[in-house]
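Treat the numbers as computed from the prediction; the structure is a model and nothing was measured.
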Amino acid sequence: MEALTSSEEDQELSADTILELLANRRRRYLLYALRGQEGPIELSTLAEQVAGWEHDVPPDEVAKNEYKSVYVSSVQCHVPKLADAGVVDHDDDNHTVVLSENFTQLEPYLRVVVKDEPENSTLHAALTQESGDGLLGQIRENVARLKH
């Protein structure tokens with residue numbers, strides 16, 4: 001298997017780049033899906049998960065055209081943009097994606113924008129069930145610390 005690569009590994013991301021990357025909901029959903037994953041994930045699996053969150057249904061209930069829309073835009077636009085920023089590594093041959101080192105620069109901002117996601121959705125449920133306290137639990141804890 002060929003090693004995963006990105007063009008901007010370990011580079012400082014500018015505020016404009018961070019805001020541009022997180023401005024698109026589908027890119028945020030891709031990042032949510034990749035968080036906590038140990039190894040590369042097939043892009044088709046990510047597209048099913050993202051399409052499920054976008055349409056608030058389990059991944060196995062996503063319509064084929066909804067899945068295809070997410071998959072194509074991810075391959076042509078979102079994953080390359082994230083890879084160019086060094087946030088993900090993408091293996092074109094195996095169609096897999098994994099978070100890379102630059103994701104740590106985005107994560108604090110991703111924790112802020114997650115508060116805008118629908119609270120009564122499958123996405124919200126998935127984020128609260130993450131390992132540990134979950135992303136939303138960590139946000140609540142950080143906000144509580146700031147208030148004291």
Side-chain angles (χ1 to χ4, degrees), residues 4-143:
L4 298 171
T5 61
S6 67
S7 60
E8 299 284 329
E9 277 188 45
D10 299 330
Q11 302 254 340
E12 188 73 25
L13 297 177
S14 70
D16 286 342
T17 299
I18 291 169
L19 293 172
E20 180 181 346
L21 292 174
L22 295 180
N24 184 279
R25 178 168 276 166
R26 192 166 282 172
R27 273 196 295 277
R28 291 193 309 268
Y29 284 13
L30 285 167
L31 294 171
Y32 296 148
L34 286 167
R35 283 186 80 250
Q37 300 296 323
E38 293 297 318
I41 310 263
E42 288 187 16
L43 195 50
S44 59
T45 302
L46 286 174
E48 285 179 351
Q49 182 64 63
V50 170
W53 286 338
E54 286 183 358
H55 297 281
D56 203 26
V57 297
D60 59 343
E61 293 180 21
V62 171
K64 188 173 184 171
N65 64 325
E66 294 164 348
Y67 159 79
K68 187 175 179 180
S69 171
V70 172
Y71 185 84
V72 169
S73 71
S74 296
V75 167
Q76 293 180 348
C77 176
H78 303 302
V79 170
K81 187 174 283 276
L82 291 167
D84 286 346
V87 175
V88 300
D89 291 327
H90 178 224
D91 185 330
D92 288 328
D93 296 332
N94 293 325
H95 303 287
T96 57
V97 181
V98 66
L99 291 175
S100 66
E101 290 299 316
N102 281 355
F103 174 72
T104 59
Q105 296 176 56
L106 274 186
E107 192 166 23
Y109 304 98
L110 192 62
R111 291 175 187 270
V112 171
V113 296
V114 74
K115 292 184 281 187
D116 288 338
E117 305 301 349
E119 287 190 27
N120 59 345
S121 66
T122 56
L123 170 63
H124 186 272
L127 293 174
T128 57
Q129 291 176 1
E130 286 185 347
S131 61
D133 293 329
L135 182 58
L136 294 176
Q138 292 170 6
I139 291 169
R140 286 187 200 102
E141 183 179 305
N142 289 342
V143 169

For residues 64-77, the salt bridge (Lys or Arg N to Asp or Glu O under 4.0 Å) pairs (sequence neighbours left out) are none

For Lys81, the salt bridge (Lys or Arg N to Asp or Glu O under 4.0 Å) test, sequence neighbours excluded, returns Glu20

Taking every non-hydrogen atom, the tightest pair across Val79 and Val88: O-CG2, 4.0 Å

Give every residue pair that meets the ring pair (Phe, Tyr, Trp, His ring centres under 6.0 Å) criterion with at least one member in residues 94-117, sequence neighbours excluded. none

What closest approach, in Å, do Tyr29 and Trp53 show between heavy atoms, and which atom pair accounts for it? O-CZ3, 3.4 Å

Determine all donor-acceptor pairs shorter than 3.5 Å in which one atom belongs to a side chain in residues 36-46; sequence neighbours excluded.
none

Closest heavy-atom pair and its distance - Ala85, Leu21: CB-CD1, 3.7 Å

For Glu48, all residues meeting side chain to side chain contact (heavy atoms under 4.5 Å, CB included), sequence neighbours excluded: Pro59, Tyr67

Within a strict 4.5 Å, meaning less than it, do heavy atoms of the Leu31 and Leu99 side chains meet? yes

Ser74 versus Pro80, closest heavy-atom pair with distance: O-CD, 3.4 Å

Test of understanding: with side chain to side chain donor-acceptor pair (under 3.5 Å), list the residues that count as partners of Ser14, not counting sequence neighbours. Thr17

According to salt bridge (Lys or Arg N to Asp or Glu O under 4.0 Å), who are the partners of Arg27, at least two apart in sequence or on a separate chain? none

Backbone N/O of Leu13 and side chain of Gln105: donor-acceptor pair under 3.5 Å: yes

If you measure from CG on Leu82 to CG on Leu106, what distance do you get to the nearest 0.5 Å? 7.5 Å

Please report the C-alpha distance between Glu54 and Arg25 in whole Å, then the side-chain angles of each, then the deciding distance to 0.1 Å, and finally whether the salt bridge (Lys or Arg N to Asp or Glu O under 4.0 Å) criterion is met. CA-CA 9 Å; Glu54 286 183 358; Arg25 178 168 276 166; over 6 Å; no

With sequence neighbours excluded, residues passing side chain to side chain donor-acceptor pair (under 3.5 Å) with Ser73: Arg26

Apply side chain to side chain donor-acceptor pair (under 3.5 Å) to Glu61 and list each qualifying residue two or more places apart in sequence or on a separate chain. none

Identify the two heavy atoms, one from Val97 and one from His90, that lie closest to each other, and give their separation to 0.1 Å. CG2-CD2, 3.7 Å

Taking the side chain as C-beta and beyond, is there a heavy-atom pair between Leu110 and Tyr32 under 4.5 Å? yes

